[in-house]
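Accompanying notes for the structure given below.
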Amino acid sequence: MTDIRVRIAPSPTGPLHIGTARTALFNALYARHTGGTFILRLEDTDVARSTVAYETDILEGLHWLGITWDEGPDAAGGEDRGPYGPYRQMQRLERYAAATAELLARDLAYPCFCTPDELNADRKAQEAAHLPPKYVGRCAALTAEERAVRQAEGRPAAIRFRVQPGVVGFEDAIRGRVEIDTSNLGGDFVIVRGDGTPLYHFTVVVDDAAMEISHVIRGEDHLSNTPKHILLFRALGHAEPVFAHLPLILNADRTKMSKRKSQTAISDYIAEGFIREALVNYLALLGWSTGSEEEILGFDDIAARFDLDHVQKGGAVFDRERLEWLNGQWIRRLEDGDLVARLLPFLEAEHAAGRIDRTPTADDVRVLLPMIRERLPILGAVGDLVGFLWIDRLVVDPAILVPKRWDVATAQAGLVAAREVIAGTGAVSFEADELEPPLRALAEARGWKAGDLFMAIRVAVTGRTATPPLFDTLVALGRERALARLDAAIERLKEGAPR
RNA sequence: GCCCCCAUCGUCUAGAGGCCUAGGACGCCACCCUUUCAAGGUGGAGAUCAGGGGUUCGAAUCCCCUUGGGGGCACCA
């Protein structure tokens with residue numbers, strides 16, 4: 001029996017991308033479902049674009065999502081875990097060098113001295129002739145002497161892998177049989193740069209072979225590259241893994257999801273207040289389904305049901321509305337203490353941004369939970385929702401202080417009367433139940449619609465027309481502050497009468 | 001240009017020859033609930049299953065073609 005070993009191989013050349021997170025998730029789910037091993041390997045051979053900051057963002061993002069791996073580095077710059085290390089490609093250079101030497105010795109690869117200019121000229125000529133770009137093979141048949149001459153001239157040599165004529169076929173776990181003629185591969189391809197650093201197509205195969213990866217689950221954008229990988233596996237004398245190409249996540253215009261057209265960084269979603277449960281749930285259902293109508297599922301529920309058979313073949317448009325809905329569903333399911341803990345950082349951020357005057361305590365937030373929980377599509381909305389509670393000097397726009405059916409005089413009279421009622425209430429205890437009846441009675445006595453009176457009070461004490469329930473809000477504010485805000489609003493109406 | 005992949009409501013999807021006059025969810029609309037906003041409830045609009053040929057007693061499901069879309073063709077990953 002062969003052990004199932006899958007991996008995610010991110011490149012620290014950008015922040016954790018939605019697509020990478022999804023691929024990581026599918027691999028993790030497959031490993032958990034089958035009892036296999038999930039590996040994380042850093043593909044950092046593009047030294048020019050790789051940074052530690054990105055590495056940190058990627059690893060922390062995956063951790064944040066609750067995705068765990070069995071082998072590989074846990075933290076940026078941290079130590080590897082696992083028997084197949086190192087798990088950073090820049091620390092595996094000697095292995096690529098050894099593999100290169102072997103291919104060279106068997107003449108399966110050869111040094112290429114072509115300059116960028118020559119290559120560009122070739123490409124241009126091909127383009128002009130409406131031919132597909134392809135390496136012309138200028139250095140493919142160089143004699144030992146010719147190579148020696150060029151080497152003596154100090155010309156840098158890249159290493160190219162020889163692509164032999166034929167058809168490469170494989171059984172994709174999601175798409176079925178795929179066959180590609182090697183004549184469409186673009187000729188002998190480079191596996192090692194002129195500066196000696198190895199390229200992706202090469203390192204990925206050397207490592208997948210060395211790490212005994214059994215299933216390569218990755219994005220469909222790699223489908224056309226798979227023959228190259230298979231050729232390399234064969235040249236290296238290693239059995240090829242099972243390939244499974246996931247459908248792409250798309251922009252609204254159905255092109256491959258990109259930073260340009262969509263929000264792709266997981267960190268941005270985290271910053272907005274999407275929670276891991278929702279993101280995992282959403283991402284898992286993008287391109288995969290249980291085959292049933294279940295849809296609110298946690299990681300373990302999904303892992304228990306996960307299979308490659310139900311993976312969709314067509315690309316899936318990223319639908320933020322649906323993500324938000326799922327986020328709301330999960331926020332409603334969080335335990336009180338958990339929700340409070342997750343909300344606090346957002347309130348601290350509101351404070352730091354100067355939108356509120358202090359950061360509330362956990363207890364402050366906890367008592368508000370019943371009135372805010374189902375009004376939060378994302379955690380970041382908390383400031384807008386109840387930030388008025390922690391503002392010292394609330395400035396209310398007089399334009400919204402007067403309810404639609406009322407005029408300024410009525411609004412003023414309403415607020416004055418309401419202030420009196422509220423002042424007369426709760427000298428001992430200030431509770432929602434004690435506030436509502438007298439205020440309703442007031443509206444009744446004056447012939448006002450209760451809703452209009454409540455709206456005037458609402459705006460006076462919160463500065464907003466959409467808020468949590470009024471009486472709970474008044475209680476949360478406290479009697480003194482509620483009265484002070486009513487006074488301020490009454491003053492405000494006296495000052496400038498809005499039209 | 002060449003090669004490869006794909007194709008069910010606007011979106012995510014169920015569907016593996018008869019259970020489909022195509023189901024669910026998001027979004028949208030209406031109503032209910034209601035002090036606003038949400039949440040929740042009920043109902044509705046929304047897909048001739050891209051089009052055309054086959055195969056079959058019978059096709060969204062199998063085959064072929066067309067069309068459309070996407071991806072890949074780097075000394076990026």
Side-chain angles (χ1 to χ4, degrees), chain A residues 9-14 43-46 48-50 112 114 116 119 123 126-127 129-135 156-160 172 175 178-181 183-187 189-195 197-201 203-204 219-227 245 247-248 250 252-256 282 285-296 309-310 312-326 328 332 371-377 385 403 436 439-440 443 449-455 457-459 462 464-471 473:
Chain A
S11 198
T13 53
E43 310 221 323
D44 53 0
T45 57
D46 185 351
R49 295 195 297 146
S50 296
C112 170
C114 294
L119 263 14
R123 205 163 302 142
Q126 287 158 346
E127 202 173 313
H130 292 285
L131 291 167
K134 179 173 190 165
Y135 177 57
I159 307 296
R160 283 186 188 270
D172 190 281
R175 280 144 221 285
V178 177
E179 293 185 344
I180 297 179
D181 193 298
S183 65
N184 297 310
L185 262 30
F189 57 90
V190 177
I191 56 176
V192 180
R193 293 184 180 88
D195 68 3
T197 55
L199 253 13
Y200 168 76
H201 291 309
T203 58
V204 74
E220 191 194 341
D221 44 353
H222 282 105
L223 190 57
S224 301
N225 294 145
T226 304
H245 289 93
L248 259 23
L250 276 22
D253 63 4
R254 305 204 72 91
T255 53
K256 180 163 84 163
Y282 179 71
L285 259 22
L286 244 204
W288 175 80
S289 72
T290 60
S292 71
E293 282 173 3
E294 304 172 289
E295 52 186 357
I296 309 288
D309 299 333
H310 283 87
Q312 202 81 12
K313 294 193 189 77
V317 173
F318 188 86
D319 181 3
R320 188 199 161 93
E321 303 262 21
R322 191 171 156 82
L323 205 211
E324 278 197 16
W325 171 75
L326 260 178
R332 272 161 236 147
M371 53 193 268
I372 63 177
R373 184 168 222 134
E374 31 202 57
R375 279 170 248 263
L376 290 173
L385 230 203
E436 185 167 357
L439 285 169
R440 277 194 189 282
K449 293 198 97 172
D452 290 335
L453 207 218
F454 295 169
M455 181 54 84
I457 301 171
R458 166 177 297 112
V459 174
T462 68
R464 312 183 147 264
T465 54
T467 71
L470 179 61
F471 308 108
T473 299

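Residue numbering restarts at 1 for every chain, and letters A, B, ... go by the order of the sequence lines.
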Map A:E374 and A:D195 onto RNA chain B by nearest heavy atom, then report which one ends up closer to the 5' terminus.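 The answer here is A:E374.
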
Can you work out whether A:D319 or A:P133 has the more 5'-proximal nearest nucleotide on RNA chain B?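 Checking each residue's closest nucleotide, the 5'-ward one belongs to A:P133.
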
For the pair A:E324 and A:R320, evaluate salt bridge (charged side-chain N to carboxylate O under 4.0 Å, His left out) and give the outcome as yes or no after the intermediate values. CA-CA 6 Å; A:E324 278 197 16; A:R320 188 199 161 93; 3.0 Å; yes

[X] (side chain) donor-acceptor with [Y] (main chain) under 3.5 angstrom:
X	Y	answer
A:R175	A:H245	yes
A:Y282	A:D319	yes
A:N225	A:H201	no

Measure from the side chain of [X], starting at C-beta and using heavy atoms only, and say which of [options] lies closest.
X	options	value
A:V190	B:A77, B:C4, B:C75	B:C75
A:H310	B:U35, B:G15, B:U11	B:G15
A:S289	B:G24, B:U35, B:A14	B:A14
A:R254	B:C37, B:A77, B:U11	B:U11
A:E295	B:C75, B:G69, B:A25	B:A25
A:E321	B:U35, B:C26, B:C4	B:C26
A:L199	B:U36, B:C12, B:C75	B:C75
A:L248	B:C4, B:U35, B:G71	B:G71
A:N225	B:C73, B:U13, B:C75	B:C73

Roughly how far apart, to the nearest Å, are [N] and [M] at atom [atom1]?
N	M	atom1	value
B:C62	B:G24	C1'	27 Å
B:C9	B:G15	P	16 Å
B:C29	B:U66	P	43 Å
B:G17	B:A59	C1'	6 Å
B:C37	B:G43	P	24 Å
B:U55	B:G18	C1'	16 Å
B:C64	B:C6	P	12 Å

Can you tell me the distance, in whole Å, between the [atom1] atom of [X] and the [atom2] atom of [N]?
X	N	atom1	atom2	result
A:R322	B:C9	CZ	C1'	14 Å
A:W325	B:A38	CH2	P	18 Å
A:Q312	B:G70	CD	P	18 Å
A:H222	B:C76	NE2	P	14 Å
A:F471	B:U35	CZ	C1'	6 Å
A:N184	B:G1	CG	P	15 Å
A:E43	B:A77	CD	C1'	7 Å
A:L326	B:G24	CG	C1'	14 Å

Suppose we call a contact any N or O donor and acceptor under 3.5 Å apart; does that hold for the side chain of [X] and the base of [N]?
X	N	answer
A:R175	B:C5	no
A:S224	B:G71	yes
A:R458	B:U35	yes

Just wondering, are more than 12 heavy atoms of other shown residues or ligands nearer than 6.0 Å to CD in A:E294?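 Atom CD in A:E294 is packed in, count exceeds 12.
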
Short side-chain donor-acceptor distance under 3.5 Å, A:T462 and A:R458: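 No.
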
Which word best sums up how the rings of A:H222 and A:Y200 line up, parallel for under 30°, tilted for 30 to 60°, or perpendicular for over 60°?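 Aromatic pair A:H222/A:Y200 classed tilted.
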
